[in-house]
Peer 1: 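Sending over a structure as structure tokens; questions will come in a sec.
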Amino acid sequence: MVRILLIIATFCTTGFLYSQNILIKNGTVLTITDGIKENTDVLILNGKIAQIAKNIINPKNTRVIDASGLFVMPGIIDAHSHIALDAINEFASPVTAEVQVGDVLNPFDIAIYRALAGGVTISHAMHGSANAIGGQCQTIKHRYGVVDPEKLKMEGAPRTIKFALGENPIRVHGEGKNIIPNTRMGMEQTFRDAFAEGKLYMQRWDDFRKGLIKESPEYNLRLETMADIIKGDILIHCHSYRADEILMLMRVLKDYGVKKICFQHVNEGFKVAPELAAYGATASVFSDWWAYKFEVYYSTAYNASILTKNGVTTSINSDDPELIRHLYHEAAKTQRYGGLSDDEALRLITINPAQQLGIDHRVGSIAIGKDGDVVLFKNHPLSIYAIPQMTIVDGVVRFSIQEDPDDVRLEISPTANESSFYEEMHHSEEEDSCLQGFSEWMMEHKSK
Amino acid sequence: MNVSNKYIFILLWIFSTSYTFGQQVKKAENGTFLLKNGMLHTVMHGTFTGDLLIQDGIIADMGKTVVAPNATVIDCSGKHVYPGLIDAGSRLGLAEIGSISLSNDYAELGAFVPHMRALSAINPNSVSIPVTRLNGVTTVFSKPEGGTFSGTGAVIDLFGYTPEQMSCGSERVVMQFPSTGLRGRWDRRKDTDIKSDAENALKKINEVWAEIINYHRIDSTATAQKTTWNRNNPAMDAMLPIVRKEQPLFIEVNSKADIETALEWIKSKNIKAVLMGVADGWRVADKIAAAKIPVITGPVLSLPRRDNDRYDAAYTNAGQMAKAGVKVAIRTNNAENTRNLPFDAGFAAAYGMGVEEALKAVTINTAEIFGIDNMYGSLDKGKVANVFVTDGDPFETKTQIEKLFIKGWDIPLESRQTLLKDEFLQRTPGLSK
């Protein structure tokens with residue numbers, strides 16, 4: 001008990017009791033949107049970036065951090081992750097637009113701290129890819145130390161929803177339950193049916209509001225969500241791999257006038273980069289994951305650079321509690337595979353994912369008025385020898401290599417000193433994290 | 001052109017185009033190559049600017065200046081020359097597509113199958129092989145991992161069309177030591193059950209071991225007396241080099257408690273051994289060093305195994321063991337992304353191991369552990385010409401590999417991934433109007 005209190009106290013003192021005022025002195029500031037500024041100070045006041053200049057005079061009640069010889073960049077943003085979630089997939093139906101992962105946030109997940117130690121301040125906690133239209137996702141800030149799940153949510157971030165194409169929904173529903181979709185033909189019709197129903201629902205309510213019908217339609221959260229998607233109030237993030245299915249979904253969306261779509265994984269995005277660019281669709285990709293299943297066998301690690309050079313706004317994501325810890329390294333792989341510039345590569349993990357999540361006015365670059373989400377690196381973040389030194393969220397130091405305790409668990413077993421040792425920390429090679437829980441669910445489902 | 005000539009021309013054209021499309025990448029070229037004036041990172045004799053001659057598949061000469069009138073000269077001024085990197089543990093060639101079990105050959109059924117031979121199942125034409133070698137990884141230990149005695153892994157060069165052409169002449173038996181760790185978040189066995197499961201597994205191993213020793217004695221006696229005996233047990237045969245201390249046993253073991261048990265077990269069986277995995281190695285580095293047992297660890301880019309471990313436990317593990325005096329080699333333990341070996345080494349270097357030691361952990365240390373350091377693991381006269389040329393530090397993410405030689409063959413810098421890039425970077429036709 002003493003230990004738990006101590007840990008909570010540690011986080012309180014490094015967190016809330018400290019002011020959200022920080023002056024970062026003399027760093028090499030990689031602003032992302034306004035070039036590189038040498039020997040420059042960044043002042044964060046009340047959690048927001050207040051000033052970027054040389055020789056800023058230290059205001060009162062402000063913690064000063066010496067960043068001499070260090071690189072200062074905006075907090076890294078992961079547009080695809082499943083950390084801090086107690087559940088990922090609502091397997092029950094091909095369309096489950098009504099469920100929200102925001103209801104199952106877990107602030108105790110150690111993965112949040114480990115992501116912070118990799119400079120990641122924001123992640124997009126996503127529903128899984130079991131369903132064609134899965135649940136709504138949640139953009140979270142990595143405020144590790146808070147215990148109220150609501151405090152993880154990034155206030156004001158737009159609503160997002162997970163779509164999924166290809167093998168995963170087909171495995172779960174077609175192969176697993178013998179219902180449509182069992183093919184990529186069925187995938188298209190599943191989307192068309194859901195959009196048609198949503199549109200009809202919208203029209204019924206419009207008719208009711210105009211007095212054209214007397215009785216109100218039955219309220220339905222699933223269809224309400226579909227209507228919000230059609231209205232453009234929810235951003236779509238679609239798990240996808242193959243070029244043909246990417247084109248298919250863009251045709252469906254075009255028919256319903258839905259413009260905003262970010263394709264996730266999108267391993268074959270490079271094959272239809274001109275079409276993605278023309279539609280204004282964006283892409284959030286792995287740096288180099290491939291061959292873990294057939295639909296990613298014809299991939300290339302040049303995907304991100306080909307997309308970028310074709311004018312598609314692209315980000316590098318993790319989808320994984322390990323990969324999320326070194327997105328700066330994953331972004332650098334676009335320099336080996338495709339020769340992107342430092343600026344282009346850094347955008348893949350900052351301002352571009354911010355755009356895809358609709359939060360680029362708040363985060364993704366070091367600019368006055370933006371959130372005080374900042375990372376300090378020893379060595380350039382794109383170097384293999386880069387080591388994150390400090391990660392600041394809303395002006396609060398949430399990770400510091402100098403003050404990093406050996407044990408940062410917030411939830412501790414009363415009987416065991418150490419947590420269990422895991423032989424397998426990774427999900428099975430056969431599944432991406434998006435299908436987490438599938439094997440267990442299938443076993444239970446089949447035994448019923 | 002008369003009619004018959006025309007037909008021959010068309011036939012030739014069809015043949016040549018289909019031939020071009022039929023191959024994965026361009027053909028490698030054999031020859032005599034003189035790498036002039038490059039920065040030679042020898043691993044064993046420091047780094048200096050000089051020349052390196054590749055002839056008949058080996059490094060024929062190396063020095064400040066080498067003269068070879070008949071060689072194709074490759075100017076390496078301002079470039080860096082390294083020995084091929086060796087991955088000390090991979091599934092390359094044994095696994096093609098993760099989710100398609102019929103394309104995976106690394107886990108045979110049965111607990112005692114040490115005679116299952118990876119070299120027979122490795123697919124020389126795996127699409128992942130060219131992908132891997134383009135990052136300077138020229139050689140891997142491709143290993144089975146099922147059961148308890150999983151099979152015999154093979155060290156292979158990443159160029160060749162038959163097992164004989166790829167083999168580096170080192171095949172090693174792999175064992176999975178009984179584990180007291182959890183198999184995943186879903187593993188809800190009680191602590192007492194986990195313990196008794198592992199104890200029972202070790203008991204079974206010891207029973208099998210008694211049979212192996214018996215088999216070895218009969219065989220030794222028969223050999224000494226020059227009598228023939230009715231030996232038809234390939235599994236037992238595979239274990240003879242281990243009990244006779246001709247080869248080390250390669251033991252996968254990860255948690256502190258299991259490593260300690262394994263060290264005692266190795267001592268009690270009086271065999272040579274190499275530990276693989278060794279995720280908790282930093283907790284018992286001194287004991288491993290004292291036992292003088294080498295370690296193959298990795299991937300470096302992986303999660304800590306306990307929630308209360310430091311976030312960088314896996315990053316620092318290799319370096320902590322090396323500092324304690326353990327001979328450490330690094331592996332990816334991957335298949336299709338074995339190409340990330342230099343990045344695993346780079347992270348280990350950044351997190352305490354240092355660049356020099358990390359380079360050894362993917363070259364000479366690995367060669368020594370597999371008993372092939374007379375031919376592999378450094379730039380040295382007489383060694384196999386696995387050599388690559390870069391524009392910088394091979395661990396640095398943005399570094400480009402500019403030339404690659406495996407067994408003296410000039411390997412085209414192509415893989416399906418680069419060919420897809422060539423086809424789609426500026427796709428034609430582009431956007432339809």
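Bear in mind the structure is a predicted one, so any value in this text is a computation, not a measurement. Order of the sequence lines fixes the chain letters, A, B, ..., with proteins taken first and strands second; residue numbering starts at 1 for each chain.
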Peer 1: Are the side chains of B:L301 and A:H329 in touch, meaning some heavy atoms are under 4.5 Å apart?
Peer 2: yes

Peer 1: What part of A:L382 gets closer than 4.5 Å to chain B, counting heavy atoms only: side chain, backbone, both or neither?
Peer 2: backbone

Peer 1: Over all heavy atoms of both residues, which pair between A:A301 and B:R339 is shortest? Give the atoms and the distance, please.
Peer 2: CB-NH1, 3.6 Å

Peer 1: Taking the six-membered ring for Trp, are A:H326 and B:F343 ring centroids under 6.0 Å apart?
Peer 2: no

Peer 1: Nearest 0.5 angstrom please: B:I97 CD1 to A:W290 CH2, how far?
Peer 2: 9.0 Å

Peer 1: Going through the checks in order, is the side chain to side chain donor-acceptor pair (under 3.5 Å) test met by A:D406 and B:Y311?
Peer 2: CA-CA 8 Å; A:D406 280 352; B:Y311 74 95; over 6 Å; no

Peer 1: Do B:L425 and A:F270 pass the side-chain contact (heavy atoms from CB on, under 4.5 Å) test, and can you show the C-alpha distance, the side-chain angles, and the key distance before you say yes or no?
Peer 2: CA-CA 7 Å; B:L425 180 59; A:F270 69 95; over 6 Å; no

Peer 1: Rounded to the nearest 0.5 Å, how far apart are CZ of A:R114 and CG of B:D309?
Peer 2: 7.0 Å

Peer 1: Is a side-chain N or O of B:R416 found less than 3.5 angstrom from the main chain of A:Y297, in a donor-acceptor match?
Peer 2: yes

Peer 1: Let me confirm one number: the OG-CD1 distance from A:S420 to B:I194, rounded to the nearest 0.5 Å.
Peer 2: 7.0 Å

Peer 1: Where on A:D404 is there a heavy atom nearer than 4.5 Å to chain B: the side chain, the backbone, both, or neither?
Peer 2: both

Peer 1: Using a 3.5 Å distance criterion without hydrogens, assess whether the side chain of A:E423 forms a donor-acceptor pair with backbone atoms of B:S179.
Peer 2: no

Peer 1: Side chain, backbone, both or neither: which part of A:Y302 has an atom under 4.5 Å from a heavy atom of chain B?
Peer 2: side chain

Peer 1: Is it true that the side chains of B:N135 and A:R336 contain a donor and an acceptor less than 3.5 Å apart?
Peer 2: yes

Peer 1: Relative to chain B, which segment of A:I401 carries a heavy atom at a distance below 4.5 Å: side chain, backbone, both, or neither?
Peer 2: side chain

Peer 1: Checking heavy atoms, do the side chain of A:Y298, its backbone, both or neither come under 4.5 Å from chain B?
Peer 2: both

Peer 1: Any side-chain donor-acceptor pair under 3.5 Å between B:N337 and A:Y292?
Peer 2: no

Peer 1: Listed by chain and number, what are the salt bridge (Lys or Arg N to Asp or Glu O under 4.0 Å) partners of A:K333, not counting sequence neighbours?
Peer 2: A:D288, A:E330

Peer 1: Quick test of your reading of the model: are A:E418 and B:R306 salt-bridged, counting only N-O distances below 4.0 Å?
Peer 2: yes

Peer 1: Does one side chain, of B:Q417 or A:Y337, offer a donor that lies under 3.5 Å from an acceptor on the other?
Peer 2: no

Peer 1: For B:Y351 versus A:A386, what's the shortest heavy-atom pair and its separation?
Peer 2: OH-O, 4.4 Å

Peer 1: Between A:I110 and chain B, which part of the residue has a heavy atom less than 4.5 Å away: side chain, backbone, both or neither?
Peer 2: side chain

Peer 1: Please flag which part of A:Y328 lies under 4.5 Å from any non-hydrogen atom of chain B: side chain, backbone, both or neither.
Peer 2: side chain

Peer 1: Would you mind telling me which of B:N340, B:N104, B:V355, B:D312 has the largest number of heavy-atom pairs within less than 4.5 Å of chain A?
Peer 2: B:N340

Peer 1: Is the shortest side-chain N to carboxylate O distance from A:R409 to B:D307 below 4.0 Å?
Peer 2: no

Peer 1: Kindly determine whether A:Y385 and B:F347 satisfy ring pair (Phe, Tyr, Trp, His ring centres under 6.0 Å), including the steps that lead there.
Peer 2: CA-CA 7 Å; A:Y385 306 113; B:F347 261 72; 9.2 Å; no

Peer 1: Among residues at least two apart in sequence or on other chains, which ones pass salt bridge (Lys or Arg N to Asp or Glu O under 4.0 Å) with A:R325?
Peer 2: A:E322

Peer 1: Between A:G338, A:S305, A:S299, A:A273, who has the most heavy-atom pairs with chain B when the cutoff is under 4.5 Å?
Peer 2: A:S299

Peer 1: Select one option (side chain, backbone, both, neither) describing which atoms of A:V272 are under 4.5 Å from chain B's heavy atoms.
Peer 2: both

Peer 1: Does A:Y422 have B:R183 sitting over its ring (NZ/CZ under 6.0 Å from centre, angle to axis within 45°)?
Peer 2: no

Peer 1: State, without any angle test, whether A:Q335 and B:T397 hold a side-chain donor-acceptor pair at a distance under 3.5 Å.
Peer 2: no

Peer 1: Taking the side chain as everything from C-beta on, heavy atoms only, tell me whether B:L431 gets closer than 4.5 Å to A:E275.
Peer 2: yes

